[in-house]
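It should be emphasised that the depicted structure is a prediction, and the values quoted were computed from it without experimental measurement.
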Amino acid sequence: MTDTTTTTPYATHEETDSERTDAPFEGVYPAMTTPFADDGAVDHDQLAENARYLERAGVDGVVPVGSTGESATMSHDEHVAVIETVRDALDDIPVIAGTGSNNTAEALSLSERAADAGADGLLLISPYYNKPEPQGFLDHYRTIADAVDLPQIVYNVPSRTGQSIPVDVTVELAEHPNIRGYKAASGDLNLISEVIERTRDEAFAVLSGDDGLTLPVLSIGGTGTISVVANVEPERACAMVGAALSGDYDRARTLHHELSPLVRELFAETNPIPVKEAMHVRGRGGPHVRSPLSRLSEDRRESLRDLLAAYDERAPGTIDPTAVDPAATGGAE
């Protein structure tokens with residue numbers, strides 16, 4: 001391990017010196033990829049090894065079968081099997097399973113099956129395509145929260161769903177005892193700030209869902225991140241979040257800027273295409289994605305390999321971002 005390990009609440013206070021809060025979710029939760037074999041089947045051996053790798057690296061929990069896990073192209077049985085594999089592979093950290101859908105009955109069924117498979121919590125994307133009214137959002141989330149006694153995270157990602165969850169709806173949902181968090185992936189810091197401001201009296205966590213905005217979200221009261229980059233650089237992600245949670249914003253900024261070139265590369269094409277290529281370079285599964293996604297374009301693979309090599313050579317907090325940024329050095333845009 002290098003530097004900060006697990007942030008909170010699963011580490012000891014001495015490991016991080018972070019300030020404790022009452023937030024139900026705090027720290028770094030990688031949004032796991034789902035490795036596929038050459039024949040397109042889920043590679044459960046590699047999946048289990050990836051989960052163990054992340055736990056050893058010091059993350060606070062993992063989030064399988066979300067957007068990054070390509071849940072949209074997996075059958076329900078595959079979905080549940082992934083949760084079981086990840087849960088069985090881990091010792092002490094929670095598994096927050098993606099179980100959302102635009103169909104309330106389907107989301108409820110997946111959530112119940114995830115609970116039976118050993119999930120410790122649920123991540124529920126807002127209903128996409130249907131474009132519900134505020135009451136529809138409330139009914140959707142409350143139906144699942146009333147029926148499944150696990151802590152649940154509301155996931156707002158309008159770039160994928162076509163609609164942002166209204167702040168008033170989020171504030172109402174935060175009053176439910178099983179709705180314990182909010183994954184903020186709108187890119188709108190004003191909206192995120194208002195959610196934090198208006199839910200401060202609830203046992204409710206606001207987690208960044210945009211790697212590039214994790215530090216700003218933490219600075220206004222967020223409690224952690226559900227992260228793509230943490231699949232590739234979990235120690236650096238934990239170090240940044242741990243520094244911010246303990247109030248060391250000078251170090252947190254250094255690590256934020258250090259990670260930024262990689263974050264940009266990981267979102268240069270549709271997630272999870274680049275992160276699966278990065279995992280492949282690091283020997284943690286093939287680059288295969290399911291159709292209609294396609295492998296990372298060849299002109300980006302070389303710049304990604306060069307960037308990862310630079311991270312391999314230096315400890316967290318010691319990289320000059322301008323020296324490794326492909327854009328700054330004339331690499332692929």
Side-chain angles (χ1 to χ4, degrees), residues 25 28-37 40-55 59-90 93-128 140-141 144 148 150-157 160-161 180-181 183 185 207 209 225-232 234 270-273 275-276 279 284-286 288-293:
F25 297 101
V28 176
Y29 297 78
M32 291 186 69
T33 61
T34 303
F36 299 121
V42 175
D43 184 343
H44 285 274
D45 290 340
Q46 186 64 57
L47 176 67
E49 179 51 42
N50 289 350
R52 288 189 288 266
Y53 162 76
L54 292 170
E55 184 171 38
V59 303
D60 295 276
V62 295
V63 183
V65 284
S67 303
T68 306
E70 296 178 79
S71 60
T73 56
M74 296 171 67
S75 71
H76 288 192
D77 287 344
E78 287 179 316
H79 195 111
V80 173
V82 165
I83 297 167
E84 291 173 337
T85 293
V86 173
R87 179 65 279 166
D88 290 346
L90 299 173
I93 60 172
V95 175
I96 313 302
T99 58
S101 172
N102 67 327
N103 176 338
T104 303
E106 181 177 69
L108 175 57
S109 174
L110 273 174
S111 297
E112 291 172 333
R113 292 186 67 182
D116 290 341
D120 302 287
L122 308 175
L123 175 68
L124 293 148
I125 195 169
S126 65
Y128 41 87
H140 174 83
Y141 280 110
I144 300 160
V148 183
L150 287 177
Q152 298 169 28
I153 299 172
V154 172
Y155 179 13
N156 188 34
V157 57
R160 287 190 182 263
T161 66
R180 308 295 301 281
K183 180 180 176 182
L207 301 160
T225 178
I226 296 176
S227 168
V228 175
V229 75
N231 285 290
V232 185
T270 301
N271 180 48
I273 292 170
V275 70
K276 293 195 88 169
M279 299 284 280
R284 298 182 199 130
H288 311 295
V289 288
R290 282 187 173 172
S291 183
L293 297 183

Problem - Partners meeting side chain to side chain contact (heavy atoms under 4.5 Å, CB included) with S71 (sequence neighbours left out) - result: V65, H79
Exercise for the section: Could you tell me the separation between the CG atom of N50 and the CG atom of N231, rounded to the nearest 0.5 Å? Expected result: 8.0 Å
Practice task
Check T73 against S291 and note the closest heavy-atom contact, atom names and distance.
Solution key: CG2-O, 3.6 Å
Fill in the blank from the handout: Applying side chain to side chain contact (heavy atoms under 4.5 Å, CB included) to A51 and not counting sequence neighbours gives M32, V86, A89, L90
Practice task
Report the residues that fulfil side chain to side chain contact (heavy atoms under 4.5 Å, CB included) with P234, sequence neighbours left out, ordered by chain and then residue number.
Solution key: Y53, L54, A57, V59
Practice task
Without swapping roles, check the side chain of S109 against the backbone of A105 for a donor-acceptor pair under 3.5 Å.
Solution key: no
Practice task
Can you sort out the partners of T104 under side-chain hydrogen bond (donor to acceptor under 3.5 Å, both in side chains), two or more places apart, ordered by chain and number?
Solution key: H140
Problem - Backbone of L124 reached by a side-chain donor or acceptor of Y141 within 3.5 Å - result: yes
Exercise for the section: Determine, stepwise, if the pair I153 / I226 fulfils side-chain contact (heavy atoms from CB on, under 4.5 Å). Expected result: CA-CA 11 Å; I153 299 172; I226 296 176; 4.2 Å; yes
Exercise for the section: Enter the distance from D88:CG to I83:CD1 here, rounded to the nearest 0.5 Å. Expected result: 11.5 Å
Problem - Set of residues satisfying side-chain hydrogen bond (donor to acceptor under 3.5 Å, both in side chains) with respect to T34, sequence neighbours excluded - result: none
Handout entry: Exercise: identify the closest heavy-atom pair between Y155 and I125
Key = CB-CA, 3.6 Å
Exercise for the section: Verify, without hydrogens or angle tests, whether D60 (side chain) and V28 (backbone) share a donor-acceptor contact under 3.5 angstrom. Expected result: yes
Fill in the blank from the handout: With sequence neighbours left out, the residues meeting side-chain hydrogen bond (donor to acceptor under 3.5 Å, both in side chains) with N156 are S164, Y182
Exercise for the section: Just do the side-chain contact (heavy atoms from CB on, under 4.5 Å) check on V62 and Y29 with the steps written out, would you? Expected result: CA-CA 5 Å; V62 295; Y29 297 78; over 6 Å; no
Handout entry: Non-neighbouring partners of K183 that pass salt bridge (Lys or Arg N to Asp or Glu O under 4.0 Å), sequence neighbours left out
Key = none
Handout entry: Listed partners of N102 passing side-chain hydrogen bond (donor to acceptor under 3.5 Å, both in side chains), at least two apart
Key = N130
Please report, to 0.1 Å, the donor-acceptor pairs under 3.5 Å made by any side chain of residues 111-123, with sequence neighbours excluded.
residue, atom, partner, partner atom, Å
S111, OG, T99, OG1, 2.9
S111, OG, A107, O, 2.7
R113, NH1, D77, OD1, 3.3
R113, NH2, D77, OD1, 2.9
D120, OD2, R87, NH1, 2.3
D120, OD2, V95, N, 2.8

Handout entry: Rounded distance [0.5 Å steps], CZ in R284 versus CG in L47
Key = 14.0 Å
Practice task
Without swapping roles, check the side chain of N271 against the backbone of S67 for a donor-acceptor pair under 3.5 Å.
Solution key: no
Handout entry: Minimum heavy-atom distance between R180 and P151, given as atom pair plus value
Key = CG-CB, 3.7 Å
Exercise for the section: List for me each residue that meets salt bridge (Lys or Arg N to Asp or Glu O under 4.0 Å) alongside E70, sequence neighbours excluded, and say none if there are none. Expected result: K276
Fill in the blank from the handout: side chain to side chain contact (heavy atoms under 4.5 Å, CB included) filter on D43, not counting sequence neighbours, yields P35, D45, Q46
Completion exercise
Closest non-hydrogen contact found for F25 with I96 is CE2-CD1, 3.6 Å
Practice task
Mind checking salt bridge (Lys or Arg N to Asp or Glu O under 4.0 Å) for R290 and listing every partner two or more places apart, or none if nothing turns up?
Solution key: E78
Fill in the blank from the handout: Nearest heavy-atom contact between E55 and I93 is OE2-N, 3.5 Å
Completion exercise
In short, S101 meets E106 closest at the heavy-atom pair OG-OE1, 2.5 Å
